[in-house]
Amino acid sequence: MAEHKPAWSSRILAAMRASQLFARTLREAPAEAEVASHKLLLRAAHIRKLMAGVYTWLPLGFRTLSKIEAIIREEMNASGAQEIRMPIVVPAEPWKATGRWQTYGEEMFKLKDRHDRELGLGPTQEEVVTPLVAGEFASYRDLPVNLYQIEWKYRDELRPRFGLLRGREFLMKDAYSFDRDVEGLRLSYRAMYEAYERIFDRCGLKYRIVEADPGSIGGDVNHEYMALADVGEDLFVHCENGDYAADVEAAEARAPEHSGVSELEPLTEVSTPDRPGIDAVADLLRLPASRMLKCMLFDAGGRTVATLVPGDREVNEKKVARAMWPAPVRLFEDHEFAERGFVKGYVGPQSMPDDVLVIADRSVGSRGNWVTGANRPDHHVTGANVERDFRVDRWEDVSRVREGDPCPRCGGTLHIGRSIVVGHIYQLGTRYSKPLKATFVDEDGTEQPYQMGCYGIGLSRIVAACAEQFHDEAGLLWPRALAPYEVVVIATNMDQPAVVEAAETLYSQLQGAGLDVVFDDRDVTAGVKFADADLIGYPLHAVVGRRGLESGSADLKLRATGERRQASLSTAAGDIVALLATAP
RNA sequence: CGGGACGUAGCGCAGCUUGGUAGCGCGCAGCGUUCGGGACGCUGAGGUCGCGGGUUCAAAUCCCGCCGUCCCGACCA
């Protein structure tokens with residue numbers, strides 16, 4: 001029998017009769033659903049769409065969501081964080097103070113009230129929590145403190161897609177830590193790092209922790225918790241030796257050794273009519289793309305930035321953005337080339353104006369005699385070399401890591417995988433406390449900005465990620481911890497009083513054993529019940545029918561493994577508890 | 001925002017080319033027969049054919065506009 005669960009258990013104990021349950025499964029998935037998780041969550045009556053990227057949670061899906069919520073709440077509380085609830089509607093002013101009103105841009109839902117006051121729907125709430133803490137905890141003696149909430153978040157996504165994976169409304173746990181100094185921040189961060197491991201372990205997810213790009217949140221050190229999934233939109237690199245894993249946006253590769261240039265070729269202009277683009281020119285000149293020098297132009301808060309990478313590599317815009325922080329970085333728009341004296345498709349670093357910042361990827365330093373644009377239409381140059389032919393203002397890592405690149409730690413081979421980001425933790429430092437003038441008085445009497453950290457988990461995304469990781473042709477395969485109900489009791493012959501009675505007895509015994517249980521008491525054929533049980537993905541199916549009754553037994557099946565066994569009706573409840581303990 | 005596709009009953013779709021009283025499967029309701037892997041028969045309910053305008057004697061069908069949904073792209077000079 002199950003141990004007695006403490007009151008704060010993540011279990012949301014409940015029993016339900018399928019005949020009462022607000023759940024109509026779909027035999028066919030709506031045409032709009034593309035990926036497995038979306039199709040199955042729809043078919044299994046977990047969610048229904050209201051509009052693009054916005055979903056209603058039906059009882060089954062809501063229970064799963066609630067179980068994740070309970071796990072997170074337990075682990076957050078255990079780590080010393082305190083739960084609060086902040087408003088979803090936020091005023092524009094603090095967002096303007098931190099610059100995010102602009103940097104979040106279109107992605108933030110913005111609205112106006114009747115007084116024409118600008119408001120937003122919170123995508124995360126640093127701008128709310130920071131002034132809150134500053135108004136309450138003004139002394140170093142009050143610190144540290146970590147506040148969290150589990151709340152609906154809003155982002156007007158460029159393109160909502162894949163159901164719950166990229167929605168415009170999603171449930172998120174966001175926590176914010178406030179420390180006196182960097183050392184304290186590291187401790188708070190560490191506590192969250194470990195709490196997150198426990199949370200994702202308990203959810204049963206297959207995940208990896210990777211070094212990440214801070215994105216529009218800002219800050220320095222940060223890690224992402226990535227659920228492995230082929231449909232994931234986020235790429236991450238990992239070393240074959242397991243000593244390095246990072247989001248591609250943040251990933252570095254070991255810079256190549258300087259191969260040296262035996263002899264500098266003269267700078268020569270060549271005619272390349274109608275050949276913009278690396279591949280076209282490389283083709284024409286019969287050279288590998290790696291001999292080309294790619295020169296991409298960015299605008300960084302009004303300043304022109306030219307970035308140089310070998311022609312066979314891509315510029316990683318996020319890395320450029322970090323190099324130029326806090327200036328907002330964006331690629332040149334087509335019209336800007338001519339306006340600023342460049343020729344799109346034929347840009348090269350030679351004779352760059354002084355006010356243009358030239359950033360070269362470190363890999364550019366290892367070679368010479370580049371082929372690159374001649375800065376006039378239909379022409380390129382060969383034999384371009386650093387210093388003699390063009391200057392480099394800064395050497396940075398601005399190229400995107402590729403499959404097969406050497407690991408920055410050990411030189412091993414890097415591989416690229418797909419994943420869904422389900423958690424992201426950041427050491428923000430004073431990124432928000434400074435602009436919001438959120439300070440405390442330190443021991444020496446001076447005012448100091450808080451050292452902040454922030455920590456997010458996408459609960460609704462966990463549901464989708466989990467569905468993505470655990471399903472088969474027949475339906476979902478919920479891990480026990482997240483299943484809407486742990487057991488379904490299927491009565492195959494509702495017209496036979498003996499069957500109904502045995503099923504009812506088992507149903508109440510399982511409730512007594514402290515399990516979440518559904519009794520499928522519907523007046524439908526057994527096949528329908530089996531199909532629904534598989535589709536919804538209850539971890540354990542207990543079948544009570546005329547056939548088994550003759551020998552006084554019930555049939556048990558573990559959904560995830562397909563393992564079946566018979567249990568005597570007199571001991572079935574205990575057998576189910578034991579069998580369930582072996583379920584994933 | 002660019003490209004593409006789609007929008008007909010709750011869901012999946014046909015009908016549109018060639019204009020003429022809107023259909024199929026699933027689901028739903030009733031009755032009967034079934035009853036351990038999405039049963040069968042009979043009967044029935046349910047649709048402003050996304051919205052607006054136009055052409056026409058007549059529009060789901062042709063034309064224009066809008067809206068919605070999904071896919072691809074939105075750094076590779």
Side-chain angles (χ1 to χ4, degrees), chain A residues 24-35 38-39 42-43 45 48-54 105-106 158-163 166 249 272 275-282 289 292-299 305-321 329-334 336-338 342-349 361 371-375 377 380 398-400 402 474-475 490-496 499 503 520 522-535 541-550 553-555 557 562 564:
Chain A
R24 276 295 103 85
T25 55
L26 271 25
R27 202 180 279 225
E28 292 170 288
E32 69 203 25
E34 196 74 10
V35 298
H38 192 195
K39 285 182 182 166
L42 250 10
R43 284 191 56 212
R48 288 290 179 259
K49 187 176 77 168
L50 178 62
M51 56 178 172
V54 180
E106 302 276 275
L158 209 49
R159 182 145 88 87
R161 63 179 127 183
F162 301 149
R166 184 165 293 282
E249 301 297 356
T272 52
R275 297 274 180 156
I278 295 291
D279 291 342
V281 176
M292 305 275 303
L293 186 61
K294 186 185 289 187
C295 184
M296 305 264 294
L297 299 177
F298 291 87
D299 176 284
V305 176
T307 59
L308 305 177
V309 297
D312 59 336
R313 292 198 162 268
E314 298 178 5
V315 172
N316 183 332
E317 188 173 346
K318 295 270 177 63
K319 288 183 178 178
V320 178
V329 168
R330 59 168 176 80
L331 269 179
F332 258 33
E333 287 167 24
D334 283 1
E336 288 174 301
F337 285 86
F342 296 98
V343 184
K344 183 172 160 70
Y346 300 91
V347 178
D361 186 70
V371 177
T372 189
N375 293 316
H380 282 74
V398 290
S399 67
R400 181 180 291 274
R402 292 181 308 191
I490 294 172
T492 56
N493 314 85
M494 286 305 289
D495 57 336
Q496 305 206 359
V499 169
D520 196 340
R522 292 176 300 169
D523 186 21
V524 297
T525 59
V528 171
K529 296 187 181 188
F530 293 143
D532 274 350
D534 285 343
L535 176 59
H541 306 176
V543 182
V544 177
R546 183 175 42 107
R547 222 162 63 188
L549 212 54
E550 287 166 6
S553 66
D555 296 321
K557 172 182 137 181
R564 291 165 194 268

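So that the names make sense, note that chain A is the first sequence line, chain B the second, and so on, each numbered from 1. Computed from a predicted model, the values in this text were never measured in an experiment.
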Using both distances under 3.5 Å as the test, list the Watson-Crick or G-U wobble partner of B/U17, or none.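 Matched B/U17 with nothing under the 3.5 Å cut-off.
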Please report the distance separating the P of B/G65 from the corresponding atom of B/G23, rounded so that it comes out in whole Å.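 Per the computed distance, 32 Å lies between those P atoms.
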Quickly work out the [X] [atom1] to [N] [atom2] distance and round it to whole Å.
X        : N     : atom1 : atom2 : answer
A/Lys39  : B/C71 : NZ    : C1'   : 13 Å
A/Lys49  : B/G10 : NZ    : P     : 15 Å
A/Asp495 : B/U33 : CG    : P     : 12 Å

Under 4.0 Å between any heavy atoms, over every strand shown, what does [X] touch: base, sugar-phosphate, or nothing? Just pick one.
X        : result
A/Arg43  : base
A/Glu314 : base
A/Arg24  : nothing
A/Leu331 : base
A/Arg166 : nothing

It should be established whether A/Arg159 places a side-chain nitrogen or oxygen under 4.0 Å from OP1 or OP2 of nucleotide B/C70.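 For B/C70, OP1/OP2 do not have a side-chain N/O of A/Arg159 under 4.0 Å.
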For B/C35, does OP1 or OP2 lie under 4.0 Å from any side-chain N or O of A/Thr492?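 A/Thr492 to B/C35 OP1/OP2: no side-chain N or O under 4.0 Å.
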